[in-house]
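Below is one structure, written out as structure tokens, with a few remarks after it.
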Amino acid sequence: MNYPSLVWHLKRTELFADFELAELENVAANTPTRTYAPGEVIFRMDDPADAIYFVRSGMVKISKLFPNGKEAILGVVGPHDTFGELLLKPQERRPTQAEALEDTRLIVLPRQDLQHLLATKPDLAMRLIQLMATRLFDAQSWSATVNAYSAAERVASLLARLGREFGQPHAQGVELALRLNQEDLARMVGATRETVSHSLHRLKREGAIVRVRTPFILNLEALEQFVERS
């Protein structure tokens, strides 16, 4: 049978993977989609946490802005990923900002609809808890990496992770076509742009990177070995 594409996308998300098709069709019937251009902000810090988002296509940057004007990029999410899930308490405010990195289409599930589903589907509540626990573990793991490794090692670790998640096979390794420049990488690893530039060229000399600008061409094994032997 041919099911609506929105149902297919929901089925591929972590939260709705176990839903029956009839249940997904019911969710999809009342779930809007929104489109965003590159650089367009989806929500800002302190906005009401009024919906959870699923990436139907495109890429989204999650970041935190500080009073001194600096930005820390916390992560990037792509197709079938979920974000904006921190909205269980009434009057919750966004602790982060979300911005489209490229043409992006999102499935938007309003807070009240999510809360209704959580009340009627205990398995969904457990999946949401698991998702949030995974996000917390990943954040703690990355924080440990930032504190334990040099800038070059952090860049290598980040590119290896992004390559595993978003890379595509290439004749020379893996192509990573995310719209992230050196300044963006610096904001993700807690370093200056100049330090990231030096790190990228060092990794190229090591054979871990073939191309040092977008789209990056990566040797994932060499990147991981660089981190392990440092």
Side-chain angles (χ1 to χ4, degrees), residues 3-17 19 24-25 27-65 71-87 92-114 117 127-128 131-132 134-135 138-139 142 158-159 161-170 174-189 213-216 218:
Y3 291 94
S5 60
L6 180 55
V7 170
W8 183 86
H9 282 279
L10 287 170
K11 184 68 173 176
R12 290 176 65 87
T13 66
E14 184 176 351
L15 283 182
F16 293 112
F19 270 47
L24 288 174
E25 287 171 343
V27 173
N30 300 299
T31 305
T33 61
R34 297 177 189 166
T35 57
Y36 296 86
E40 189 172 355
V41 174
I42 298 161
F43 58 73
R44 301 182 187 278
M45 291 175 55
D46 292 326
D47 280 354
D50 56 1
I52 187 170
Y53 298 85
F54 306 91
V55 183
R56 187 167 180 175
S57 62
M59 207 71 62
V60 175
K61 175 182 73 175
I62 308 298
S63 62
K64 189 171 184 66
L65 306 178
E71 176 189 29
I73 299 177
L74 305 179
V76 177
V77 294
H80 314 304
D81 281 340
T82 306
F83 67 97
E85 68 276 5
L86 298 176
L87 44 68
E92 190 71 62
R93 295 284 171 171
R94 299 288 186 189
T96 57
Q97 175 169 294
E99 176 186 326
L101 283 174
E102 57 190 46
D103 289 326
T104 298
R105 192 173 188 186
L106 303 177
I107 301 167
V108 184
L109 184 63
R111 186 221 306 261
Q112 61 269 25
D113 293 346
L114 174 63
L117 288 171
R127 278 187 172 273
L128 183 60
L131 174 63
M132 295 172 69
T134 299
R135 295 280 169 84
D138 289 345
W142 181 245
L158 173 65
L159 289 176
R161 176 161 57 88
L162 292 176
R164 295 287 184 199
E165 291 181 9
F166 304 114
Q168 297 295 326
H170 186 275
V174 170
E175 181 179 79
L176 180 63
L178 296 183
R179 295 187 179 184
L180 295 173
N181 56 32
Q182 291 184 6
E183 187 65 37
D184 292 326
L185 294 178
R187 291 168 178 166
M188 296 181 83
V189 302
R213 61 183 183 277
T214 302
F216 295 96
L218 311 174

Heavy-atom closest pair, residues [X] and [Y]:
X	Y	value
Gly58	Pro79	O-CD, 3.4 Å
Leu178	Thr214	O-CG2, 3.1 Å
Tyr53	Arg94	CE1-NH2, 3.6 Å
Gly163	Val174	O-CG1, 4.0 Å
Val77	Thr82	CG1-O, 4.5 Å
Ala37	Asp103	CA-OD1, 3.9 Å

Partner set under side-chain contact (heavy atoms from CB on, under 4.5 Å) for Gln97, not counting sequence neighbours: Val41, Arg44, Met45, Ser63, Leu65, Glu99
Does [X] reach the side chain of [Y], with side-chain heavy atoms less than 4.5 Å apart?
X	Y	result
Leu109	Leu15	no
Val60	Tyr36	no
Leu218	Leu162	no
Leu185	Phe216	yes
Asp50	Phe43	no
Val76	Met188	yes

Sequence neighbours excluded, which residues qualify as side chain to side chain donor-acceptor pair (under 3.5 Å) partners of Arg34? none
What pairs with Arg179 under side chain to side chain donor-acceptor pair (under 3.5 Å), at least two apart in sequence or on another chain? none
Considering only NZ, NE, NH1 and NH2 on the basic side and carboxylate oxygens on the acidic side, decide whether Glu92 and Arg111 come within less than 4.0 Å. no
Check whether any side-chain N or O of Thr13 sits under 3.5 Å from a backbone N or O of Lys11 as a donor-acceptor pair, and report yes or no. no
Thr104 side-chain N/O to Met59 backbone N/O, donor-acceptor pair under 3.5 Å: yes
Distance from [X] atom [atom1] to [Y] atom [atom2], nearest 0.5 Å?
X	Y	atom1	atom2	result
Leu131	Leu128	CG	CG	6.0 Å
Glu85	Arg127	CD	CZ	14.5 Å
Leu74	Asp138	CG	CG	12.0 Å
Leu176	Leu159	CG	CG	7.0 Å
His80	Leu10	NE2	CG	10.5 Å
Arg56	Arg105	CZ	CZ	4.0 Å

Begin with the C-alpha distance, continue with both residues' side-chain angles, and end with the deciding distance and a verdict on side-chain contact (heavy atoms from CB on, under 4.5 Å) for Leu117 and Phe16. CA-CA 11 Å; Leu117 288 171; Phe16 293 112; 4.1 Å; yes
Audit row: Phe19, Val7, side-chain contact (heavy atoms from CB on, under 4.5 Å) steps and yes/no: CA-CA 10 Å; Phe19 270 47; Val7 170; over 6 Å; no
